[in-house]
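Written below as structure tokens is the structure these notes are about.
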Amino acid sequence: MLQEDPQSSLLYLITLALLGVGAVVWMANWARRRAITRVIGDVILDLRKEAFRATASHDMSFYDEHASGKVVSRITSDTQEFAQVSILLAELTTQMVQVIILIIVLFQIDVRLTMIVLAMLPFLFLASWGFRRWARSVIRRAMRAVANVNASIKEAVTGITVAKNFRQEEAIYREFESVNRQSYSVNIRRGFVLALVFPTLNALMFVGTAIVIFVGGLSAAQGAIAVGAWYLFLRSVDRFWFPVLGLSSFWSQIQGGLSAAERVFSLIDAESAVVQTAHLQVPKLSGEIRFTDVDFRYRPDEPVLEAFNLTIEPGEDLALVGHTGAGKSSIVKLVTRFYEFQGGQILVDGLDIRSLDLRDYRRQIGLVPQNPFLFSGTVLENIRYARPNATETEIGDLAHRIGSGEWMEALPEGLQSEAGERGKLLSMGQRQLVSLMRVLIQRPAIFVLDEATASVDPFTESQIQQALQLILADTTSILIAHRLSTVRASDRIIVLRHGSIIEEGDHERLLSSGGHYAELYNTYFRHQSLEYVQQSRAAALAASTD
Amino acid sequence: MGFFADLEREDYDRTYSDLELVRRLATYFRRHGGKLAVTLLATLIVASAAASSRVVV
Ligand SMILES: Nc1ncnc2c1ncn2[C@@H]1O[C@H](COP(=O)(O)OP(=O)(O)O)[C@@H](O)[C@H]1O
């Protein structure tokens with residue numbers, strides 16, 4: 001039948017061919033989107049990995065100075081923004097290719113009209129370029145606002161107990177409301193700016209089409225161009241504008257993507273304040289620490305330590321005491337190499353602290369911060385943190401050496417008990433014990449303790465002291481002491497005021513000399529002493545019998 | 001500015017030129033050269049089909 005009717009066979013052929021083309025286009029489109037999704041997903045994965053790794057390796061000073069919620073926002077929201085823009089960019093590339101093909105087609109229809117159309121392009125691009133700076137700045141601000149919202153949520157969630165304790169939920173809510181509002185306003189403004197881009201470019205295109213209609217109509221009337229060709233040209237030029245419009249209006253969004261990338265790269269490139277001059281392997285340290293004329297400040301105009309000298313002998317247990325702001329933590333931050341100092345020298349076992357391989361060095365430092373941090377996971381996992389290959393029996397044995405293991409039995413499932421997020425399923429005292437156990441298992445050469453101020457029950461207290469004794473026996477220790485028992489357990493006490501050592505010696509001597517230490521003792525420690533407790537009990541008793 | 005006052009840049013924020021940014025981003029994309037080639041080829045097919053169908057039909 002097909003042979004009999006060449007007309008209809010051609011129709012079949014065209015239809016079939018079209019179907020075939022449709023199938024190929026569908027497949028190609030599918031393959032394209034799949035590949036794009038994959039590539040962008042992988043790139044974002046890499047970016048996040050790198051940003052996270054960089055963040056994790058930043059100094060403590062970085063964390064002191066920057067809200068962690070904002071940092072989180074860079075790693076999550078900003079990379080996401082970049083991903084969205086990348087997808088857009090991929091679409092744009094397709095449109096760009098279309099534009100190029102269309103230009104070729106248009107040229108074949110009529111050279112002169114095509115030239116007119118192309119002449120419009122510089123104006124379009126100029127206009128988009130003009131929007132560029134503006135768009136970029138509103139977008140940057142919008143992203144910072146989002147980071148503020150994230151930071152506020154994070155702070156609220158982590159501080160919720162404190163907030164609830166002081167019935168400050170309303171205040172937290174108000175603060176959130178205010179950053180959220182800010183983010184809203186900034187983002188609306190961003191929307192407004194972007195909303196201006198599209199109509200402006202559209203108007204420009206309208207002018208372009210008008211010119212083409214006018215010149216084309218004139219030429220057709222003069223017979224310079226066939227009416228059919230003019231019509232065909234107008235139809236195609238319409239298709240031409242669309243992707244070009246897309247190209248230019250997406251431009252501002254591309255700026256958004258670049259801003260996001262910029263923020264992520266800034267995070268990755270943030271320079272470490274702590275700079276090592278070499279990466280010497282650190283031998284097993286004996287723990288001698290020597291500060292020679294050390295100058296240190298957090299801010300250029302506020303010196304904290306000036307020409308500070310201190311030698312800590314191997315195995316010595318040194319207690320630092322002084323009022324808040326005296327510089328106790330600062331000394332510790334320098335020993336742990338969390339902060340860079342500006343002058344002088346710090347030697348550990350005679351080695352310049354700046355020349356050591358930091359990972360190696362920190363492995364030999366056991367640190368218990370004031371608010372011991374536990375990771376979610378079991379108690380066992382937390383204790384093993386510094387030495388993952390420590391066996392359970394080893395840890396169990398050690399646990400039994402502290403108060404014959406009673407603290408462990410107090411836990412619902414012993415070492416297998418869940419610590420909860422930040423250790424919130426454990427009591428304060430238990431958290432301190434776990435963090436001390438962690439150091440015992442780590443077996444560091446240098447032990448740094450910023451003692452918790454929270455008082456715990458006497459039973460846990462005595463176990464904490466036992467754990468502490470075990471650590472002190474094997475390490476050079478620097479203790480920021482808040483407990484009388486800890487001060488007494490130390491070999492030497494350094495009394496600090498405004499970054500200088502004003503007294504040193506042991507407890508008895510310092511107390512009898514009646515200086516700053518005696519004053520501190522009366523303020524902070526005396527009420528913890530046995531004599532004091534007995535005296536006040538006697539006084540209370542006397543009062544009640546009166 | 002008032003209301004927007006604390007939308008300050010962080011002190012570690014830097015400004016990179018577009019060229020720098022694009023170059024640096026390109027290093028991430030370059031690792032996926034194969035897939036990008038597939039994308040380009042598919043894009044050519046889709047775009048030329050789309051462009052020509054506008055004119056033909
Ligand atoms: N991260 C910081 N940024 C700026 N100044 C700080 C920082 N930490 C501490 N300071 C200042 O340094 C001084 C010493 O503080 P610090 O060593 O923390 O004292 P202490 O531990 O004895 O309470 C104080 O005046 C304090 O305000």
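The figures here come from the full heavy-atom set of this structure, side chains too, leaving out hydrogens, waters and symmetry mates. The sequence lines fix the lettering, A, B, ..., with proteins before strands; numbering per chain opens at 1.
- For OH of A:Tyr184, the number of neighbouring non-hydrogen atoms (other residues, nucleotides, ligands) closer than 6.0 Å is 12 at most.
- Contact count against chain B (heavy-atom pairs under 4.5 Å) is highest for A:Glu50 among A:Met143, A:Glu50, A:Arg34.
- Listed for the B:Arg24 side chain is no donor-acceptor partner under 3.5 Å among the backbone atoms of A:Ala261.
- The side-chain heavy atoms of A:Asp42 and B:Lys35, taken from C-beta on, include a pair separated by under 4.5 Å.
- For A:Leu47, the parts sitting under 4.5 Å from any heavy atom of chain B are the backbone and the side chain alike.
- Side-chain contact between A:His66 and B:Tyr12: present, with at least one pair of heavy atoms (C-beta onward) separated by less than 4.5 Å.
- Counting heavy-atom neighbours within 6.0 Å of A:Gln80 CD, excluding the residue itself, gives a total above 12.
- Annotation for B:Phe29: atom CZ counts as buried by contact number, over 12 foreign heavy atoms lying within 6.0 Å.
- Using a distance-only test at 3.5 Å, with no hydrogens or angles considered, no donor-acceptor pair links the side chain of A:Glu262 to the main chain of B:Thr15.
- The choice from B:Leu41, B:Thr43, B:Leu36, B:Leu40 that makes the most heavy-atom pairs within less than 4.5 Å of chain A is B:Thr43.
- Contacts of A:Ile268 with chain B are made by side-chain atoms alone, with heavy-atom separations under 4.5 Å and no backbone atom involved.
- Among all heavy-atom pairs drawn from B:Ala42 and A:Arg32, the shortest one is CB-CB, 3.6 Å.
- Taking 4.5 Å as the limit, some side-chain heavy atom of A:Leu258 sits within range of a side-chain heavy atom of B:Leu25.
- Residues A:Phe265 and B:Glu20 form no side-chain contact, since every pair of their non-hydrogen atoms from C-beta on lies 4.5 Å or further apart.
- Salt bridge status for A:Arg140 with B:Asp13: absent, with no side-chain N to carboxylate O gap under 4.0 Å.
- The shortest heavy-atom contact between A:Val97 and B:Leu44 is CG1-CD2, 3.7 Å.
- In this structure, no portion of A:Ile104 lies under 4.5 Å from any heavy atom of chain B.
- Within the 4.5 angstrom heavy-atom criterion, no atom of A:Ser259 approaches chain B.
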